[in-house]
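Written out below as structure tokens is the structure these notes cover.
When reading the values below, keep in mind they use all heavy atoms of this one structure, side chains included, and skip hydrogens, waters and symmetry mates.
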Protein chains: 2
Amino acid sequence: MSPSRRLDPQPTLATVAERAGVSRQTVSNALNSPELLREDTLARVQAVIEELGYTPNRAARQLRTRSSHLIGLRFEPAQEGTSNALIDRFVHTLVEATARTGHHIVLFSGDPHDPLDGYDRLLKATAVDAFVITDTYAGTPQADFLRKVGAPFVTFGRPWDDPSARHPWVDVAGSKGAQLATEHLLAAGHQRVAWLGWEKSSRIGEDRRSGWSRALRAAGVDQAGLGVRISDNVDAARMAAHAMLEDGTVTGVACVSDTIAIGVLHALAERNLRPGTDVGVTGFDDSLGAQVAWPGLTSVRQPLEQVAIEVVDLVHAVLSLRAPAEPARMLEPTLVVRRSSLRQD
Amino acid sequence: MSPSRRLDPQPTLATVAERAGVSRQTVSNALNSPELLREDTLARVQAVIEELGYTPNRAARQLRTRSSHLIGLRFEPAQEGTSNALIDRFVHTLVEATARTGHHIVLFSGDPHDPLDGYDRLLKATAVDAFVITDTYAGTPQADFLRKVGAPFVTFGRPWDDPSARHPWVDVAGSKGAQLATEHLLAAGHQRVAWLGWEKSSRIGEDRRSGWSRALRAAGVDQAGLGVRISDNVDAARMAAHAMLEDGTVTGVACVSDTIAIGVLHALAERNLRPGTDVGVTGFDDSLGAQVAWPGLTSVRQPLEQVAIEVVDLVHAVLSLRAPAEPARMLEPTLVVRRSSLRQD
DNA sequence: ACGGTCGCCTGGATCGATCCAATACTAAAG
DNA sequence: CTTTAGTATTGGATCGATCCAGGCGACCGT
């Protein structure tokens with residue numbers, strides 16, 4: 001009598017079979033190998049499935065086939081101010097891309113001091129089929145561990161430490177992005193384009209820097225004193241920018257991150273210099289901050305949607321045990337031009 | 001001979017039982033009802049579990065107990081520019097909070113035009129135990145649907161349309177946040193504090209506006225012409241701010257979102273007015289944008305970490321069929337003060 | 001020493017879909 | 001009209017943990 005209490009028990013495969021006048025296996029085939037059934041039988045079974053609103057029980061299927069159709073992703077605790085917004089954009093598209101094949105993303109967490117924590121548990125419980133790993137910049141202990149235990153995984157991020165690693169990965173050529181940004185600033189007429197990057201210990205930072213360096217070399221610009229390394233926060237960038245702009249010869253600054261670029265914009269505001277017109281600035285990652293910063297920050301945008309699609313494709317390849325066409329895929333970023341790098345008429 | 005090919009088959013409950021010289025049920029009890037076992041038996045079983053590194057197979061357990069220990073969350077496609085960064089911060093803490101009880105968050109997606117899409121599928125496949133719903137501002141068709149089919153769920157967001165709804169929810173008092181911001185601006189000496197809000201159709205927007213209104217009323221300030229409604233983007237806000245600042249009587253602007261507040265900051269820059277000193281500005285949500293905006297944007301911060309904890313607590317209450325102590329929980333936001341609302345000495 | 005109570009432990013049945021081997025059917029060939 | 005080949009369909013067994021009803025032992029009082 002209480003309507004929200006309990007609903008009709010879910011129909012099972014047996015229910016459908018009985019109703020359609022066939023055996024369980026036939027219903028199973030209708031779902032998994034429809035080509036095995038005669039046309040009329042298939043139609044009849046499908047009609048009953050439709051009528052009853054039947055959906056296979058995931059637990060039962062998972063028990064039998066030993067595959068959960070779940071993909072694990074360790075979701076790190078939010079670090080205020082850092083650009084995990086990037087990861088979030090990636091996850092969004094990852095969810096969409098997996099949906100198409102009936103897979104789902106399961107988030108888990110782990111001890112922040114132990115990069116391996118959490119993987120083992122899910123694996124032994126046969127709770128997930130594969131993992132997606134997003135942070136490869138600090139070495140790849142997870143990848144090493146998963147390879148050792150024979151668990152399928154794909155990383156977003158190349159294996160920096162071990163170029164010989166054979167696992168499938170997708171990454172974006174950061175150096176190409178920095179190169180695009182630098183070339184763009186040079187083309188806008190800025191001669192001496194400086195670089196504001198991360199500390200030398202960052203592989204990603206050094207990779208991006210190499211793109212800046214390459215562009216300057218191609219343009220025949222002397223890089224002496226133009227490359228500066230700082231930590232990733234607005235204030236450090238602001239102060240570095242002040243020092244850099246002191247003598248007035250630097251008129252372009254390519255930055256390793258939007259955060260740092262925004263710090264440069266702050267310094268410009270404090271010096272009454274016009275972004276774009278007096279000094280061109282570019283950031284990296286096209287974060288929300290770049291979109292709302294005044295007067296709009298030109299930034300390198302990673303094709304995260306495409307990354308997610310490639311990652312999912314590789315996951316499927318690995319799961320189906322077929323060797324992926326190309327297990328290491330490098331994608332190219334694009335430059336989103338806003339007013340921070342454009343002269344006002 | 002190929003080490004990464006296949007690993008030892010996972011030990012099962014039967015393996016453990018045999019090794020410990022007890023029956024399967026005894027091992028199961030050791031895991032689920034240890035108080036039923038004699039001390040020495042328990043110790044012996046636990047030792048074997050430890051030794052073999054045994055973890056119960058989730059699929060089998062799920063099939064038998066009909067509970068997956070998974071909680072579904074529909075992850076909407078990234079909408080450029082909107083503050084789904086808020087949701088991401090929420091999800092982070094949600095994952096942490098669920099981890100403590102062995103639950104996991106499963107993300108799924110659905111047709112953007114159909115708010116119900118996806119729920120049904122997971123439910124019928126008995127793939128999740130409960131849902132967490134994050135968007136209740138546009139009515140609550142999901143809640144209605146889930147209540148109808150008897151599925152457990154908790155919403156982040158009050159049931160705006162139907163105050164009589166009895167489902168468990170957690171929300172943050174937006175009106176209180178706007179009130180705090182407005183009082184803060186008044187206390188800083190700004191007399192006429194304007195409101196830049198969303199269109200009237202937004203329940204959340206109107207709720208926040210009511211907090212501004214309440215604060216002005218308490219301070220005895222006439223609100224005529226001070227409340228303006230626009231859509232949520234930087235440019236609309238910039239233009240509205242210009243109009244608003246024209247006559248020079250408005251010296252404080254409380255905004256319904258960081259995006260809009262940033263638009264106001266842009267307008268100030270264009271009019272050569274100093275944020276905080278000439279015109280006080282506050283935003284809402286303490287997004288990354290607020291943190292990096294020049295010269296720092298005072299913003300209302302929602303206690304998302306606490307929200308996540310309360311949501312998980314309610315989920316557990318609902319799943320264990322015990323009535324939650326308080327099924328409707330309203331939390332209070334805080335104000336993060338930065339320089340956009342402070343006079344420079 | 002014996003029946004009774006209580007608590008620990010056992011083996012069989014079960015959840016629902018899939019695997020597997022075997023059977024019923026159909027159509028073509030002899 | 002029977003045999004053969006091949007396909008469509010069936011029923012039993014299975015994945016691994018939990019539910020359930022019953023058994024066995026220890027310990028008590030008399």
Side-chain angles (χ1 to χ4, degrees), chain A residues 6 8-46 48-49 52-70 102 121-127 129, chain B residues 8-46 48-49 52-70 102 121-129:
Chain A
R6 207 70 205 87
D8 305 332
Q10 296 297 335
T12 73
L13 190 137
T15 319
V16 175
E18 191 182 3
R19 186 95 157 216
V22 298
S23 76
R24 304 189 316 274
Q25 178 65 28
T26 303
V27 179
S28 178
N29 283 339
L31 292 166
N32 303 312
S33 315
E35 74 280 4
L36 290 180
L37 295 198
R38 212 166 42 202
E39 213 171 294
D40 57 337
T41 313
L42 178 60
R44 188 156 39 102
V45 173
Q46 285 178 332
V48 175
I49 288 177
L52 295 179
Y54 166 75
T55 308
N57 181 307
R58 281 184 103 93
R61 171 176 283 182
Q62 178 176 348
L63 176 59
R64 189 68 245 232
T65 63
R66 311 181 148 281
S67 96
S68 61
H69 282 223
L70 294 178
R121 245 189 326 271
L122 282 177
L123 210 50
K124 283 208 293 216
T126 61
D129 293 347
Chain B
D8 306 332
Q10 296 298 334
T12 73
L13 189 138
T15 319
V16 176
E18 191 182 5
R19 187 96 155 218
V22 297
S23 77
R24 303 190 316 274
Q25 179 65 32
T26 303
V27 178
S28 178
N29 284 338
L31 292 166
N32 302 312
S33 315
E35 74 280 3
L36 290 180
L37 295 197
R38 212 166 40 203
E39 214 171 291
D40 57 337
T41 313
L42 178 59
R44 187 157 40 101
V45 173
Q46 286 177 331
V48 175
I49 288 177
L52 296 179
Y54 166 73
T55 307
N57 181 306
R58 281 184 101 93
R61 171 175 281 182
Q62 178 177 348
L63 176 59
R64 190 65 245 229
T65 64
R66 312 181 149 280
S67 97
S68 62
H69 282 224
L70 295 178
R121 245 191 324 271
L122 282 177
L123 208 52
K124 284 207 292 212
T126 61
V128 301
D129 294 347

> Angle, rounded to 10°, between the helical axes spanning five pairs at each terminus of the helix from C:dA1-D:dT30 to C:dG30-D:dC1?
Replying inline: 50°
>> Quick one, B:I49 and B:L31 - any side-chain contact, counting heavy atoms below 4.5 Å?
In response: yes
>> List the residues meeting side chain to side chain donor-acceptor pair (under 3.5 Å) with B:T126, not counting sequence neighbours, and say none if there are none.
In response: A:N57
> What is the per-nucleotide protein-contact pattern of nucleotides 15-22 of chain C, from the 5' end, where B denotes a base atom under 4.0 Å from a protein heavy atom, S denotes such proximity for sugar-phosphate atoms only, and - denotes neither?
Replying inline: BBBBBB--
>> If you count every heavy atom of other residues, nucleotides or ligands that lies below 6.0 Å from A:R44 atom CZ, does the total exceed 12?
In response: yes
> Nearest-Å distance, CD (A:E39) to P (C:dT26)?
Replying inline: 17 Å
>> Quick check against the 3.5 Å criterion: does A:T55 have a side-chain atom that pairs as donor or acceptor with the backbone of B:A125?
In response: no
> What integer distance in Å separates A:L36:CG from C:dA24:C1'?
Replying inline: 17 Å
> Would you say B:S28's side chain and B:R24's backbone share a donor-acceptor pair under 3.5 angstrom?
Replying inline: no
>> I need the A:Q62 CD to B:L63 CG distance, nearest 0.5 Å.
In response: 10.0 Å
> How long is the gap from CG on B:L42 to OG on B:S33, to the nearest 0.5 Å?
Replying inline: 11.0 Å
> What's the CG-P distance between B:L42 and C:dG7, to the nearest Å?
Replying inline: 17 Å
> Which heavy atom of B:H69 sits nearest a heavy atom of B:D129, and at what distance?
Replying inline: N-OD2, 2.7 Å
